[in-house]
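Read the structure below first, then the notes.
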Amino acid sequence: MKYNLCTISFRHELVSFDHLIDFAGKAGFSGIELWGVHARALIDVSAAQTNPWIAKMKAQDLQIPMISDYVNLLDEEMQSGVLEGKVAEWLMLTKKFETKYIRIFAGHRGSGQVNEGEWRLCISRLGRLAELMELCGLVLVIETHPDTLADTLDSTLRLIHEVNHKALQINLDFLHMWEGGTDPVEAYQALKPWVAHFHMKNVSSKERLGQFSPDNVYSPSGSRDGMVPLGEGVVDYTRIISCLDEDEMKCTASIEWFGPQPFQYLSAEMDWIRTVSGRTSFEVSG
């Protein structure tokens, strides 16, 4: 497995991308998952530095596995050409940062909250995005996440089969699958043919799952109580990582940390994962 840090973990930190590259390499990560907000900012503010940063990452065997972005697929007033415009922007970003994966959410309401018309609208737009992405050599990645059409295993499988396009793949968030009522390893086994990436995070108890709601996570004053290391929460990551290692999965995973002290936390997490895997290092990107 290739493990990555997320720039979103540093959304409230004053830290340069150059510093993150150095940290990722020293801590033993294989890459850096870019938040779309940060990808745009790097190009807008530091365009001249983009190529040197990518070269520096390559020199340290690091890559950008995925850019995580958003598009409102349930917007009934979406203007013609919006999806085409998004794909054109994603193509520019992926070329700059040398990746082919774009992660989005399948709408902004849960599968049990939408009517059939809204479901069909989301499926139609996902299909259109997948078609456009394939033409550009890109892959559209849907994250399993609450308050989206991919909030349970059943709804995620339905979405995959109804879109039915090879350019549509899955970012399996183990905690959110557990939150949706499915054993994480069972979800992995069912979704394995379509998984492009994993998100890994943990929580101290089911009662603390609200800590990951967008209103709380993105607020500088939001509570971080209940956000815990992978080895200390309700989801059994020892079992998950052992399963992934046994399958020799070649896709990538990101440690998604929203709590305080990201440098200290992420370094400790990589040490813990190495212990669980019984390795001194991980496969590097190539």
Original post:
Hey, are the side chains of W194 and L157 touching, using non-hydrogen atoms and a 4.5 Å cut-off?
Top reply: yes
Subject >> Exercise: identify the closest heavy-atom pair between I32 and P65 >> reply: O-CD, 3.3 Å
Original post:
When rounded to the nearest 0.5 angstrom, what distance separates CG in N115 from CZ in R109?
Top reply: 8.0 Å
Original post:
Counting distance only, does the side-chain N/O of N202 pair as donor-acceptor with the main-chain N or O of V234 below 3.5 Å?
Top reply: yes
Original post:
V82 and L121: same hydrophobic cluster, using ILVMFWY side-chain contacts below 4.5 Å?
Top reply: no
Original post:
Quick one: are the ring centres of Y218 and W35 less than 6.0 Å apart?
Top reply: yes
Original post:
side chain to side chain donor-acceptor pair (under 3.5 Å) with N72: which residues, sequence neighbours excluded?
Top reply: H108
Subject >> Sequence-distant partners of A268, side-chain contact (heavy atoms from CB on, under 4.5 Å), two or more places apart >> reply: none
Subject >> Heavy atoms from other residues, nucleotides or ligands near CD of E246 exceed 12 (cutoff 6.0 Å) >> reply: no
Subject >> Residues clustering with V139 (ILVMFWY side chains joined when closer than 4.5 Å, directly or via others) >> reply: M66, Y101, V141
Original post:
Should Y237 and I273 count as side-chain neighbours, where that means a heavy-atom distance under 4.5 Å?
Top reply: no
Subject >> Donor-acceptor pair between T144 and H176 side chains, under 3.5 angstrom >> reply: no
**OP:** Supply the atom-to-atom distance T182 OG1 to Q189 CD, rounded to the nearest 0.5 angstrom.
**Re:** 13.0 Å
**OP:** Could you tell me whether R158 sits above the aromatic face of W119, with NZ or CZ closer than 6.0 angstrom to the six-membered ring centre and within 45 degrees of the axis?
**Re:** yes
Original post:
What is the minimum heavy-atom distance between P260 and R224, and which atoms define it?
Top reply: CD-CB, 4.1 Å
**OP:** Please check if any side-chain donor atom of S277 sits under 3.5 Å from a side-chain acceptor atom of D245, or the reverse.
**Re:** yes
**OP:** Not counting sequence neighbours, which residues clear side chain to side chain donor-acceptor pair (under 3.5 Å) with Q264? List them please.
**Re:** none
Original post:
Any link between L126 and M78 through a network of hydrophobic side chains (Ile, Leu, Val, Met, Phe, Trp, Tyr) touching at under 4.5 Å?
Top reply: yes
**OP:** Go through the steps to decide whether R239 and D183 satisfy the test salt bridge (Lys or Arg N to Asp or Glu O under 4.0 Å), and finish with yes or no.
**Re:** CA-CA 11 Å; R239 176 172 170 242; D183 175 83; 2.9 Å; yes
**OP:** Check whether any side-chain heavy atom of H165 sits under 4.5 Å from a side-chain heavy atom of E131, and report yes or no.
**Re:** yes
**OP:** Apply side-chain contact (heavy atoms from CB on, under 4.5 Å) to the pair I43 and K96, showing each step before the final yes or no.
**Re:** CA-CA 8 Å; I43 290 175; K96 283 286 186 181; 3.7 Å; yes
Subject >> Single-linkage hydrophobic cluster, 4.5 Å side-chain cutoff, F174 and V228 together >> reply: no
Subject >> Partners meeting ring pair (Phe, Tyr, Trp, His ring centres under 6.0 Å) with F97 (sequence neighbours left out) >> reply: none
Subject >> For A167 against L138, the heavy-atom pair lying closest together >> reply: CB-O, 4.1 Å
Subject >> Rounded distance (nearest 0.5 Å) linking atom CZ of F29 with atom CD1 of I21 >> reply: 14.5 Å
**OP:** Would you confirm whether N4, through its side chain, and A253, through its main-chain N or O, come within 3.5 Å as a donor-acceptor pair?
**Re:** yes
Original post:
Within 45° of the six-membered ring axis of F105 and under 6.0 Å from that ring's centre, is NZ or CZ of R103 located there?
Top reply: yes
Subject >> S219 side-chain N/O to N216 backbone N/O, donor-acceptor pair under 3.5 Å >> reply: no
Original post:
Distance-only, no hydrogens or angles: does the E76 side chain make a donor-acceptor pair with backbone N or O of L74 under 3.5 Å?
Top reply: no
Original post:
Hey, are the side chains of L230 and V276 touching, using non-hydrogen atoms and a 4.5 Å cut-off?
Top reply: no
Subject >> Euclidean distance, E118 CD relative to L73 CG, rounded to 0.5 Å >> reply: 12.5 Å
Original post:
When hydrophobic residues are tied together by side-chain contacts of less than 4.5 Å, even through go-betweens, does L83 share a cluster with I67?
Top reply: yes
Subject >> Charged N-O contact under 4.0 Å between D69 and R40 >> reply: yes
**OP:** Using atom types as modelled and distance alone, determine if a side-chain donor or acceptor of T94 lies under 3.5 Å from a backbone N or O of W90.
**Re:** yes
**OP:** Measure the shortest side-chain to side-chain distance between E33 and H199 over non-hydrogen atoms and say whether it is less than 4.5 angstrom.
**Re:** yes
Subject >> side-chain contact (heavy atoms from CB on, under 4.5 Å) assessment of E256 paired with D173 >> reply: CA-CA 9 Å; E256 199 178 30; D173 186 304; 3.5 Å; yes
**OP:** Taking only Lys NZ, Arg NE, NH1 and NH2, and the carboxylate oxygens of Asp or Glu, determine whether R125 and D75 approach each other closer than 4.0 Å.
**Re:** no
Original post:
Under 4.5 Å between any side-chain heavy atoms of M57 and I64, yes or no?
Top reply: yes
Subject >> Residue pair L34, I8: steps toward the side-chain contact (heavy atoms from CB on, under 4.5 Å) verdict >> reply: CA-CA 7 Å; L34 262 181; I8 199 171; over 6 Å; no
Subject >> Nearest heavy atoms of T152 and S111, plus distance in Å >> reply: OG1-OG, 4.5 Å
Subject >> Where A150 and A106 come nearest, the two heavy atoms and their spacing >> reply: N-CB, 4.3 Å
Subject >> side-chain contact (heavy atoms from CB on, under 4.5 Å) between E162 and R120, intermediate numbers included >> reply: CA-CA 9 Å; E162 292 190 7; R120 299 311 318 163; 2.6 Å; yes
**OP:** Would you mind checking if K56 and D18 are paired as a salt bridge, meaning a charged N to carboxylate O distance below 4.0 Å?
**Re:** yes
Original post:
Is the NZ or CZ atom of K201 positioned over F212's six-membered ring, under 6.0 angstrom from the centre and within 45° of the axis?
Top reply: yes
Original post:
Going hydrophobic residue to hydrophobic residue with side-chain gaps under 4.5 angstrom, can you get from L129 over to L135?
Top reply: no
**OP:** Using the six-membered ring wherever Trp is involved, compare the ring planes of W53 and F17 and label them parallel, tilted or perpendicular (cut-offs 30° and 60°).
**Re:** perpendicular
Original post:
Judged by atom type as modelled, is there a donor-acceptor pair below 3.5 Å linking the side chain of T148 to the main-chain atoms of G110?
Top reply: no
Subject >> Note, Q113 side chain near D147 side chain (heavy atom, < 4.5 Å) >> reply: yes
Subject >> Check against ring pair (Phe, Tyr, Trp, His ring centres under 6.0 Å), H19 and F10 >> reply: CA-CA 11 Å; H19 187 181; F10 301 87; 8.3 Å; no
Original post:
What is the distance from atom OH of Y265 to atom CE of M270, rounded to the nearest 0.5 Å?
Top reply: 11.5 Å
Subject >> Those residues that, when tested against D271, pass side chain to side chain donor-acceptor pair (under 3.5 Å) (two or more places apart) >> reply: R274
Original post:
If we only count heavy atoms from C-beta on, is the I102 to V87 side-chain gap below 4.5 Å?
Top reply: no
**OP:** Looking only at non-hydrogen atoms, find the nearest pair between Q211 and S223 and report the distance.
**Re:** OE1-O, 2.6 Å
**OP:** Please round to the nearest 0.5 Å and tell me the distance separating atom OG of S9 and atom CG of L266.
**Re:** 5.5 Å
Original post:
Are more than 12 heavy atoms from other residues, nucleotides or ligands located less than 6.0 Å from atom NZ of K26?
Top reply: no
